[in-house]
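First listed ligand is number 1; within each ligand, the first listed atom is number 1.
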Amino acid sequence: MRRYYEYFGYVGIASWVFSMIFHTRDFDVTEKLDYYAAGASVLYGLYYTPIRIFRLDQKRPPVKATLLRLWTVICVSLYTAHVSYLSFWHWNYVYNMAANVAAGVVQNALWSGFSYRTYQKLKKPWAAWPGMIVAWIILAMSLELLDFPPLVGMVDAHSLWHLGTVVPTIWWYK
Ligand SMILES: [Zn+2]
C-alpha cells in the first residue's frame, strides 16, 4: 500500500497549500485551485479506501487487479467530469458541496465498518481509530453544512472546519 499512502500525502499537501493560498488571497484562480485540490483530496480518499479495505493492491485472486483497474478508471473519470463541469459549464457551489459530502460519506461509512470489524477481531484500541477519526470529520463537516455568520466578524464556521481537520489529519497518519 506504500505507493497509495505516498500519493495520499502528496494530494494532502496540495490541498492544504492551495487552501492556505486561497484563504489569504481570494482570486478567481486561487479559489479554483483550492476547490479542485480539495475535490482531489476527498476523491483520492474515496479511491484508496476500498483498495485498502478489500486489498485490491494484492495480485491474487486475479480479479482484484481487474477491479483495481476498473476502479481507477471510474475515479479518474469522476474527477475529470467534476472539474470539467465546474470549469466549463457552471461554477456551482451547491453541487460542489454535495459531491464532496457524498464522496466523504461513502468513504467514512466504509472506514467505520472496517474499523468496527477489525476492533471486534483484535480488541486493540488502535483498531477503532479509523472509525473515531471519521466520526470526528463528520462532526467537523457539519460546520460546513450548518453555516453561521462570523463571530466577532472574524471566526466563521468554515475557519472552525479547517481547525477541526488538523487533529484527525495528524491522527490518521499515525
Ligand atoms: Zn477553506
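A donor-acceptor contact under 3.5 angstrom links the side chains of His82 and Tyr95, judged on distance only.
Evaluation of the side chain to side chain contact (heavy atoms under 4.5 Å, CB included) rule for Ser84 yields Thr80, Phe88, Trp89 as partners, not counting sequence neighbours.
Within 6.0 Å of the OH atom in Tyr5, the count of heavy atoms belonging to other residues, nucleotides or ligands exceeds 12.
Side chain of Gln107 to backbone of Tyr44: no donor-acceptor contact under 3.5 angstrom is found.
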Indicate every side-chain donor-acceptor pair of residues 130-152 with a distance under 3.5 Å to a residue at least two apart or in another chain.
residue, atom, partner, partner atom, Å
Trp136, NE1, Gly164, O, 2.9
Ser142, OG, Leu139, O, 2.4
Glu144, OE1, His158, ND1, 2.6
Glu144, OE2, His158, ND1, 3.4

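For the Zn ion (ligand 1), the neighbouring protein N/O/S atoms at less than 2.8 Å, given as residue and atom, are His23 NE2, His158 NE2, His162 NE2.
Residue pairs meeting the side-chain hydrogen bond (donor to acceptor under 3.5 Å, both in side chains) criterion with at least one member in residues 57-74, sequence neighbours excluded, are Tyr47-Thr72, Arg55-Asp57, Gln58-Lys64.
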